[in-house]
2 protein chains.
Amino acid sequence: MATGRGLNNTALVVLGMIAAGRRNGYEISRTVGVSTRFFWPASVGGIYPELRRLEDAGLLEAEDDPRGEAIRHSYALTPAGRAALRDWLADDALGHFEMRNEDLLRLFFAAELDVDGQVAILRKLRAGHEAQLEQLESGARPAAERGAGPNRLLVLDYGIALHRSAAEWCRQAEARLLGR
Amino acid sequence: MATGRGLNNTALVVLGMIAAGRRNGYEISRTVGVSTRFFWPASVGGIYPELRRLEDAGLLEAEDDPRGEAIRHSYALTPAGRAALRDWLADDALGHFEMRNEDLLRLFFAAELDVDGQVAILRKLRAGHEAQLEQLESGARPAAERGAGPNRLLVLDYGIALHRSAAEWCRQAEARLLGR
DNA sequence: TTCCACATGTAACTAGTTACATGATTGA
DNA sequence: TCAATCATGTAACTAGTTACATGTGGAA
């Protein structure tokens with residue numbers, strides 16, 4: 001448990017975010033929204049219960065941090081929490097990898113459509129990559145430039161590179177399809 | 001419902017596979033295992049119940065196809081099933097896109113580790129892409145060359161291109177990290 | 001006769017999303 | 001005073017994975 005196991009998808013991102021400094025649930029969920037969600041989604045509804053679970057497990061300690069009348073808690077890692085995080089970070093096994101791309105599935109089955117329909121799918125696939133690219137370049141990347149360390153920028157750049165080359169691949173595939 | 005809605009992730013891949021010709025659950029699950037799983041996972045445990053649900057919904061028709069004493073069913077699309085598939089394929093809205101990459105999340109939080117630890121994560125990230133690449137090039141691609149249409153090859157080539165450029169990105173990032 | 005591929009199915013579990021509900025603070 | 005943002009939380013739902021259970025056919 002303290003060896004990095006028993007941590008679900010939400011727990012991993014929560015622990016990692018708090019490692020960089022005290023955070024409350026709202027801040028974590030905001031940061032996820034402009035950074036990890038591109039490669040590690042986690043929704044608000046899962047974050048709050050997970051914070052309490054991690055506190056119960058002794059990996060986090062909560063502190064009351066009221067804002068006027070409003071309730072607010074901020075969390076920090078306990079030594080056990082930091083150890084669990086490090087164990088997970090240093091784990092030798094290949095990490096979980098998963099991808100779901102509906103337009104790619106459409107393309108896979110596109111024999112059912114005429115060429116126009118197939119081109120439309122390719123364009124949509126490209127549009128999706130361009131949209132992600134846009135969000136990374138104009139949203140996430142500028143936000144990370146103020147304050148985030150080099151690793152975080154590195155990861156965003158990975159995303160930018162990937163979506164850019166995917167979009168380029170789509171452009172070429174479209175040209176080939178039309179040239180047939 | 002017949003407009004392409006009410007179809008869950010498993011239903012989409014099941015319908016698409018059957019559109020190309022009569023199939024049984026086992027065949028679908030095998031084909032998923034060497035093709036769509038790279039961008040659209042679906043597990044056996046979900047496929048059989050979904051086949052029955054789609055039959056109940058009138059999108060599939062089942063036929064007994066015993067193999068000696070052993071029970072076997074093969075499924076074909078009904079006209080309603082083909083209409084639902086076409087509606088989904090021709091849907092204008094951007095498709096669902098999701099990615100989960102644990103080693104990328106590790107890299108994101110790698111400030112917690114020393115440079116050696118960071119390099120190890122980058123190598124693992126690369127190894128993951130190379131493993132996918134290997135499976136696509138040596139497993140999926142050759143299998144698809146016998147029998148699969150051009151769209152299927154196209155999709156596998158997309159995967160190959162993507163993982164190859166991701167692996168290349170990792171190699172460069174590692175060099176930069178060591179050069180610091 | 002043994003093993004592997006073929007073939008189907010279910011139950012239990014785990015996880016995660018969406019939507020809703022509530023209320024305080026801040027700035028325009 | 002109004003809207004947006006901050007902040008926390010829960011309930012209902014949907015989905016999906018894993019593991020188990022069972023048995024046949026064909027090849028070596």
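All heavy atoms count here, side chains included; hydrogens, waters and symmetry mates do not. So that the names make sense, note that chain A is the first sequence line, chain B the second, and so on, each numbered from 1.
Of the candidates D/dG25, D/dT10, C/dA24, the closest approach to any side-chain atom of A/R52 belongs to D/dT10. Set against D/dG16, D/dT8, C/dT8, the side chain of B/Y48 has C/dT8 as its closest nucleotide. Of the candidates D/dT24, C/dG16, D/dA7, D/dT24 carries the atom nearest the B/A70 side chain, counting heavy atoms from C-beta on. Of the candidates D/dG16, D/dG25, C/dT25, D/dG16 carries the atom nearest the B/N8 side chain, counting heavy atoms from C-beta on. Closest to the side chain of A/N24, out of D/dT8, C/dG9, C/dG16, is D/dT8.
Phosphate proximity of D/dA7 to A/R67: present, with a side-chain N or O under 4.0 Å from OP1 or OP2. Dashed line: the shortest gap from a side-chain N or O of A/T10 to OP1 or OP2 of C/dA15 is not under 4.0 Å. A/N9 has a side-chain polar atom (N or O) that falls below the 4.0 Å cut-off from OP1 or OP2 of C/dG16. Between A/R30 and the phosphate of D/dC6, there is a side-chain N or O to OP1/OP2 separation shorter than 4.0 Å. Distances shown here put a side-chain N or O of A/Y26 below 4.0 Å from the OP1 or OP2 atom of D/dC6.
Using a 4.0 Å heavy-atom cutoff across all strands shown, B/G25 reaches sugar-phosphate atoms only and no base atom. If you check every strand for non-hydrogen atoms under 4.0 Å, B/S29 touches nothing. Among the heavy atoms of the strands lying under 4.0 Å from B/G68 are primed sugar atoms or P, OP1, OP2 only; no base atom is included.
When each of B/E27 and B/R100 is assigned the nucleotide of DNA chain C bearing its nearest heavy atom, the one mapping closer to the 5' terminus is B/E27. Taking the nucleotide of DNA chain C with the nearest heavy atom to each of B/H73 and A/G45, the more 5' of the two is matched to B/H73.
In this pair, A/H96 and A/W40 present their aromatic rings perpendicular. The plane angle is above 60°, beyond the 30 to 60° band.
The aromatic ring centres of B/F39 and B/Y158 sit 6.0 Å or more apart.
The separation between A/L51 atom CG and D/dG9 atom P is 8 Å, rounded to whole Å. Atom NE2 in B/H96 sits roughly 14 Å away from atom C1' in C/dT18 (whole-Å rounding). Note: CG (A/D65) to P (D/dA7) measures 8 Å, nearest angstrom. When rounded to the nearest whole Å, the span between CZ of A/R72 and P of D/dT5 equals 17 Å. The interatomic distance linking A/E102 (CD) with D/dA15 (P) rounds to 13 Å, in whole Å. Rounded to an integer number of Å, the gap from CD of B/E55 to C1' of C/dT8 is 14 Å. Following rounding to the nearest Å, A/R53 (CZ) and C/dG16 (C1') show an atom-to-atom distance of 10 Å. Spacing between atom CD of A/E98 and atom C1' of D/dA15 amounts to 12 Å, rounded to whole angstrom units.
Nearest heavy atom pair, residue A/V13 against residue A/A42, reads CG1-CB, 4.0 Å. Considering every non-hydrogen atom in both B/R100 and A/P41, the closest pair reads NH2-O, 3.0 Å.
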If you apply the rule side chain to side chain donor-acceptor pair (under 3.5 Å), what do you find for A/W88 with B/E112, and how did you get there? CA-CA 11 Å; A/W88 167 67; B/E112 195 64 22; over 6 Å; no
If you apply the rule salt bridge (Lys or Arg N to Asp or Glu O under 4.0 Å), what do you find for B/D103 with B/R106, and how did you get there? CA-CA 5 Å; B/D103 288 321; B/R106 287 193 171 100; 2.8 Å; yes
